[in-house]
2 protein chains.
Amino acid sequence: MSKQLTNTQQKILDFIIDKKAEGKVPTLAEIAERFGYRNRSTVRQHLQAIEKKGFIKRNPKISRGIDLLTEDKLFIPRPVLGEVAAGNPLTIYPDAIDTVDLPTIARMPKDSFLLKVKGDSLKDAYIFTGDVVIVNPNPEPRNGQIVVAVLDDAAVVKRFFKKRNRIELHSENPEYEPIVIEKDYSGFKIVGVVVGVYRNMETRVG
Amino acid sequence: MSKQLTNTQQKILDFIIDKKAEGKVPTLAEIAERFGYRNRSTVRQHLQAIEKKGFIKRNPKISRGIDLLTEDKLFIPRPVLGEVAAGNPLTIYPDAIDTVDLPTIARMPKDSFLLKVKGDSLKDAYIFTGDVVIVNPNPEPRNGQIVVAVLDDAAVVKRFFKKRNRIELHSENPEYEPIVIEKDYSGFKIVGVVVGVYRNMETRVG
DNA sequence: CAAACCACCATACATCTGTATGGTAAATTA
DNA sequence: TAATTTACCATACAGATGTATGGTGGTTTG
């Protein structure tokens with residue numbers, strides 16, 4: 001059985017996981033710099049310990065050759081910037097304290113952010129309470145994309161269509177009439193494009 | 001405006017994207033080896049062209065310092081191994097031809113695979129047609145996890161509970177009675193644990 | 001046709017990267 | 001108390017890595 005990591009080892013592993021989440025793998029030197037070590041050997045010895053305990057797998061002789069093995073770390077906490085509940089104002093957490101466990105698989109697209117869905121008002125788009133929408137800030141959404149927008153201080157999550165002189169926001173549910181925004185209406189602002197919806201099944205224990 | 005990539009440049013970029021999706025970044029040498037070049041300079045010149053056209057950003061002097069910029073490539077195709085439609089047999093595609101566009105953000109956890117959901121028979125778990133479930137093969141699911149299992153050749157996606165002498169599969173919908181499997185029943189096999197559900201909002205154009 | 005681009009090659013080189021080895025000091029454990 | 005583990009240091013080195021420079025041959029394009 002793999003033993004427990006020491007405090008220092010855990011911090012180093014967390015750093016590697018964070019880097020991996022950015023699509024990067026740190027070198028020994030980069031890890032050493034991060035923790036103020038003057039020497040790569042120190043890092044190397046820590047990595048050897050971490051590997052011995054079964055949390056990573058290193059490719060010898062290959063630079064940045066660190067693979068994560070740890071099943072326990074399948075999830076990394078990601079900051080959630082706020083909440084959307086269609087109709088209500090868009091809540092942005094002042095300090096982004098709340099986090100959601102995204103799979104380690106989930107490397108956020110650059111500059112995109114997460115919003116937690118509250119309430120079932122988006123259920124006609126098959127989005128439910130507790131779901132996390134991945135939002136890519138984009139000043140120019142393409143037609144047909146689902147966007148998060150603010151309309152007169154109320155948050156909406158709708159499908160975006162740009163017509164000649166106006167913008168239309170369609171609901172997934174055809175029974176609802178589209179919202180029509182005339183061009184240059186100042187109370188309207190696109191927050192971003194909903195890239196996807198992720199629902200974590202492991203932590204939602206029934 | 002960034003120009004079009006040439007055929008060769010596109011292939012190299014695709015290779016980098018694939019590697020990034022594995023949580024790795026290739027070196028010039030690795031790219032050269034992949035394409036049969038005898039020289040890293042060839043790769044370097046291609047990368048310079050790709051960077052000039054605005055698809056990547058390179059960190060000079062830093063090994064494996066390639067960042068993807070391309071918004072068009074926010075998604076990478078991932079093989080889908082099969083389909084789940086609760087009640088029906090688990091369909092595994094013989095050649096895994098079908099693919100789903102996962103966000104570039106999505107680095108699959110090791111050994112996990114994707115199953116496409118077909119039919120609305122899982123809607124009591126808020127999973128719908130077109131959704132992709134991320135399955136982590138795991139011989140020992142923990143209580144309360146949602147699992148994909150095969151029971152008498154039919155696929156089920158249920159919440160898993162292990163009792164003393166039996167296994168219970170609960171539906172999200174409390175109206176449905178749990179399925180009870182006595183220990184050592186041979187017609188039952190766990191396929192894996194559902195780690196999460198991802199729904200791509202961009203490609204599903206209404 | 002000349003100029004530009006494309007797709008490759010070879011050689012040379014400074015720096016980065018991981019490794020090897022040996023040492024110090026403190027805390028923990030047997 | 002002795003042995004082990006943890007956490008750091010320094011120096012040295014081979015090979016990996018990105019870069020610089022210059023060359024060949026083919027294809028587009030003005």
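So you know, we letter chains A, B, ... as the sequences are listed, proteins then strands, and number each from 1.
Contact of the B/Ile16 side chain with the B/Lys20 side chain is registered, since non-hydrogen atoms from C-beta on lie closer than 4.5 Å. Counting heavy atoms from C-beta on, the side chains of A/Ile167 and A/Tyr185 never come closer than 4.5 Å. Put simply, the side chain of A/Lys24 reaches to within 4.5 Å of the side chain of B/Asp67, judged on heavy atoms.
Distance CD (A/Gln9) to C1' (D/dC8): 13 Å, rounded to an integer number of Å. Regarding A/Tyr37, its OH atom lies at a distance of 7 Å from the P atom of D/dA7, rounded to whole Å. Rounded to whole Å, the distance from NE2 on A/His46 to C1' on D/dT5 is 12 Å. Per the geometry, CD belonging to A/Glu33 stands 13 Å off P belonging to D/dC9, to the nearest Å. At whole-Å resolution of the value, NZ in A/Lys52 and C1' in D/dT4 are 11 Å apart. Rounded to a whole Å, the CG atom of A/Leu47 is 14 Å from the C1' atom of D/dC8. Whole-Å rounding puts the B/Gln10 CD to C/dA7 C1' distance at 16 Å. Atom-to-atom, CG of B/Asn7 to P of C/dC8 comes out at 10 Å; the value is rounded to the nearest Å.
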- Would you sort out whether A/Phe161 and A/Lys163 count as a side-chain contact (heavy atoms from CB on, under 4.5 Å), showing the intermediate values? CA-CA 6 Å; A/Phe161 289 97; A/Lys163 303 286 168 97; 4.3 Å; yes

- Query: Would A/Gln48 and A/His46 satisfy side-chain hydrogen bond (donor to acceptor under 3.5 Å, both in side chains), going step by step from the backbone distance to the final call?
  - Reply: CA-CA 5 Å; A/Gln48 281 180 328; A/His46 284 307; over 6 Å; no

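An OP1 or OP2 oxygen of D/dA7 is reached within less than 4.0 angstrom by no side-chain nitrogen or oxygen of A/Thr42.
Within the structure, salt bridge (Lys or Arg N to Asp or Glu O under 4.0 Å) contacts touching residues 25-38 of chain A (residues at least two apart or in different chains) are A/Glu30-A/Arg64.
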- Would you mind building the protein contact string for nucleotides 23-30 of chain C? One character per nucleotide, 5' to 3', B for base within reach (heavy atoms under 4.0 Å), S for sugar-phosphate only, - for untouched. --------

- Query: How does each nucleotide of nucleotides 13-20 of chain D score, in 5' to 3' order, for protein heavy atoms under 4.0 Å: base (B), sugar-phosphate only (S), or none (-)?
  - Reply: ----BBBB

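Side-chain N or O atoms of A/Gln45 include none that pairs as donor or acceptor with a backbone N or O of A/Thr42 at under 3.5 Å. B/Glu51 contributes a side-chain N or O that, together with a main-chain N or O of B/Arg58, makes up a donor-acceptor pair within less than 3.5 Å. Judged by distance alone, the side chain of A/Asn143 and the main-chain N or O of A/Lys162 form a donor-acceptor pair under 3.5 Å.
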